[in-house]
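Down below is the structure, laid out as structure tokens.
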Amino acid sequence: MMLKTFVQQRKDLTEEELLQYNAFCQLLPGASSTQTLILIGFKRGRLPLALMTLLVWIFPACVFMGGLSFLIEYIERNEISTNIFKFIQPMAVGFLAFASFRAFTLVVRNRMARYIMVFSMIVTYYFFRSPWIFPIVILMGGVVSSFMDREQKKEGDDLYKPVRWGNLLIFFSIFIISGVLSEVSRKQEWPNRKAFNLFENQYRFGSIVFGGGDVLIPMMYEQYVVRPTSERVRAQNQNVIRMEQEEFLTGAGVVRAIPGPVFSIASFIGGLSMRSSGYQMQLLGCIIGAIGIFLPSALLVLFFFPVWQNLQKYKGIYRSLKGINAAVVGIMTASTIYLTRDMLFIDVMDGKVISMLQITVIGVTFLVLMFTRIPAPLIAIGCLLLGWIF
């Protein structure tokens, strides 16, 4: 969607720049898609537009997931179906397939890039659920390209970019202060201690998660569902944030179906964790959850990107870019195959059968993006209507 909107339609940046932003953000912890959009906003309007871009990007999904925390009991009690979203995931795979194809035509132009791409694709596919596979594969592609590529660096690329050290100072200050306040509030049983505990948990997740929502959701499940039922926590009678398994899984399923970042599940988690304190505190929990999970991503990307740009003035780093971009294409291709495999079959009475409707949605989405100028939101609306009909 970014490729079609910001590169082809709006001309905000080039395909090379978008690939560079995407590769760089894959090396950082946090929400990669969010960080990529922050960089696009930063390129066009510096810090004010970057922050506005962040808020606009996360607002719809966070509002939806926060609202779900208020309605979860009603939805479960009345067994309301969320089938309207069932074709959003295959649509997303179609977008990913299109982006992989376009990136392949742009980046993979020689034998070295093809080898790196194929290797990255195979390794990523088999170790897809490991959070460290993405930065490792990207770094390996960069190292191989740095030693094998002999292209000379273009003149005029050595301009120093100022590094905002304040962003890193703010990041670590918040990390330390939130941890201290969370622990003190727990030991002293502050009346609103859950708010401090919630922010510390979400900020910590946003600071250490590699691999996006596929890694974040299992970590949250361990923190809020499994850990509160452990013998150690029950023996100490700790008043920790806890959630029912059914409620958590409902939120995890819905957040994967709706448009927007998977990290918006933090708004749902925040609302549920504070609902026992009344509607006002529940709303505050939604806000705390969203801020806590997305703030580290913004601070890290705004600090490290100038550092990354300065490193590119060195020949070895400049030459590594081709391998890094080829590795990202391999990751995108592996992700397309992996996600397609997961939705290829559907359950029936006697086993599993191939879902031709899901495959058709993927193929039609790819073809529409390739050969038409239909805006991405209209494609999403069409898939929602398809889910409502079927």
Side-chain angles (χ1 to χ4, degrees), residues 1-4 7 15-33 35-36 89-149 151 209-216 218 256 262 317 319-345 354-355 358-359 361-367 369-370:
M1 291 179 69
M2 294 182 203
L3 182 70
K4 192 173 183 66
V7 175
E15 290 181 328
E16 291 84 354
E17 288 176 319
L18 181 58
L19 286 171
Q20 179 187 353
Y21 290 0
N22 184 39
F24 167 72
C25 293
Q26 294 288 348
L27 294 170
L28 297 178
S32 299
S33 59
Q35 291 170 327
T36 303
Q89 287 193 29
M91 179 205 72
V93 175
F95 274 104
L96 186 56
F98 170 73
S100 302
F101 176 78
R102 288 301 305 270
F104 175 85
T105 60
L106 178 69
V107 172
V108 185
R109 294 179 172 176
N110 55 45
R111 182 179 299 177
M112 178 197 69
R114 287 195 292 270
Y115 287 157
I116 293 175
M117 179 223 157
V118 172
F119 175 80
S120 302
M121 179 183 66
I122 295 173
V123 173
T124 301
Y125 178 81
Y126 282 104
F127 298 96
F128 192 80
R129 293 193 177 276
S130 171
W132 298 102
I133 192 61
F134 303 107
I136 289 175
V137 165
I138 291 172
L139 289 173
M140 289 178 62
V143 170
V144 172
S145 178
S146 178
F147 282 101
M148 295 184 62
D149 187 46
E151 180 180 349
V209 167
F210 285 93
D214 290 322
V215 179
L216 175 67
R256 292 179 183 276
V262 175
I317 299 297
R319 291 170 177 169
S320 71
L321 292 178
K322 288 185 178 180
I324 289 175
N325 288 332
V328 170
V329 176
I331 291 173
M332 294 166 66
T333 307
S335 300
T336 303
I337 298 172
Y338 190 92
L339 295 173
T340 302
R341 184 204 68 178
D342 276 359
M343 61 183 62
L344 184 63
F345 298 97
I354 295 178
S355 174
Q358 301 269 42
I359 300 301
V361 171
I362 295 174
V364 170
T365 301
F366 178 89
L367 294 175
L369 291 169
M370 178 67 68

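Using a 4.5 Å cut-off on side-chain heavy atoms (C-beta onward), Leu216 and Val262 make no contact. A heavy-atom distance below 4.5 Å is found between the side chains of Ile359 and Thr340. Side-chain contact check for Phe104 versus Thr333: every heavy-atom pair is 4.5 Å or farther apart. With contacts defined as side-chain heavy-atom distances shorter than 4.5 Å, the pair Leu28/Phe24 qualifies. Looking at Thr336 and Ile362, their side chains never come closer than 4.5 Å, going by heavy atoms from C-beta outward.
Once rounded to the nearest 0.5 Å, the distance linking CZ of Arg111 with CE of Met148 reads 9.5 Å. Rounded to the nearest 0.5 angstrom, Tyr126 OH and Met121 CE are separated by 10.0 Å. Between Asn22 atom CG and Ile324 atom CD1 the span is 11.5 Å, to the nearest 0.5 Å. Note that the CE atom of Met91 and the CG atom of Leu369 stand 9.0 Å from one another [nearest 0.5 Å]. Taken to the nearest 0.5 Å, the OG1 atom of Thr365 stands 12.5 Å off from the CE atom of Met370. The distance from atom OH of Tyr125 to atom OG of Ser335, rounded to the nearest 0.5 Å, is 11.5 Å.
Residues forming a salt bridge (charged side-chain N to carboxylate O under 4.0 Å, His left out) with Glu15 (at least two apart in sequence, or on another chain): Arg102.
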Going by atom type alone, with no hydrogens or angles, which donor-acceptor pairs under 3.5 Å involve a side-chain atom of residues 93-100 and a protein atom two or more places apart or on another chain?
from: Ser100; atom 1: OG; to: Leu96; atom 2: O; distance (Å): 2.8
from: Ser100; atom 1: OG; to: Met332; atom 2: O; distance (Å): 3.4

Would you mind writing out the side-chain donor-acceptor pairs for residues 113-120 within the sub-3.5 Å range, not counting sequence neighbours?
from: Ser120; atom 1: OG; to: Ile116; atom 2: O; distance (Å): 2.7

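A distance-only check finds no donor-acceptor pair linking the side chain of Glu17 to the backbone of Val7 [under 3.5 Å].
Nearest heavy atoms, Ala103 versus Val329: CB-CG2, 3.7 Å. The nearest pair of heavy atoms linking Pro90 to Gln358 is CG-OE1, 2.9 Å.
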>> With side chain to side chain contact (heavy atoms under 4.5 Å, CB included) as the criterion, how do Gln26 and Ile331 come out once you've worked through the C-alpha distance, each side chain's angles and the decisive distance to 0.1 Å?
In response: CA-CA 10 Å; Gln26 294 288 348; Ile331 291 173; 5.5 Å; no
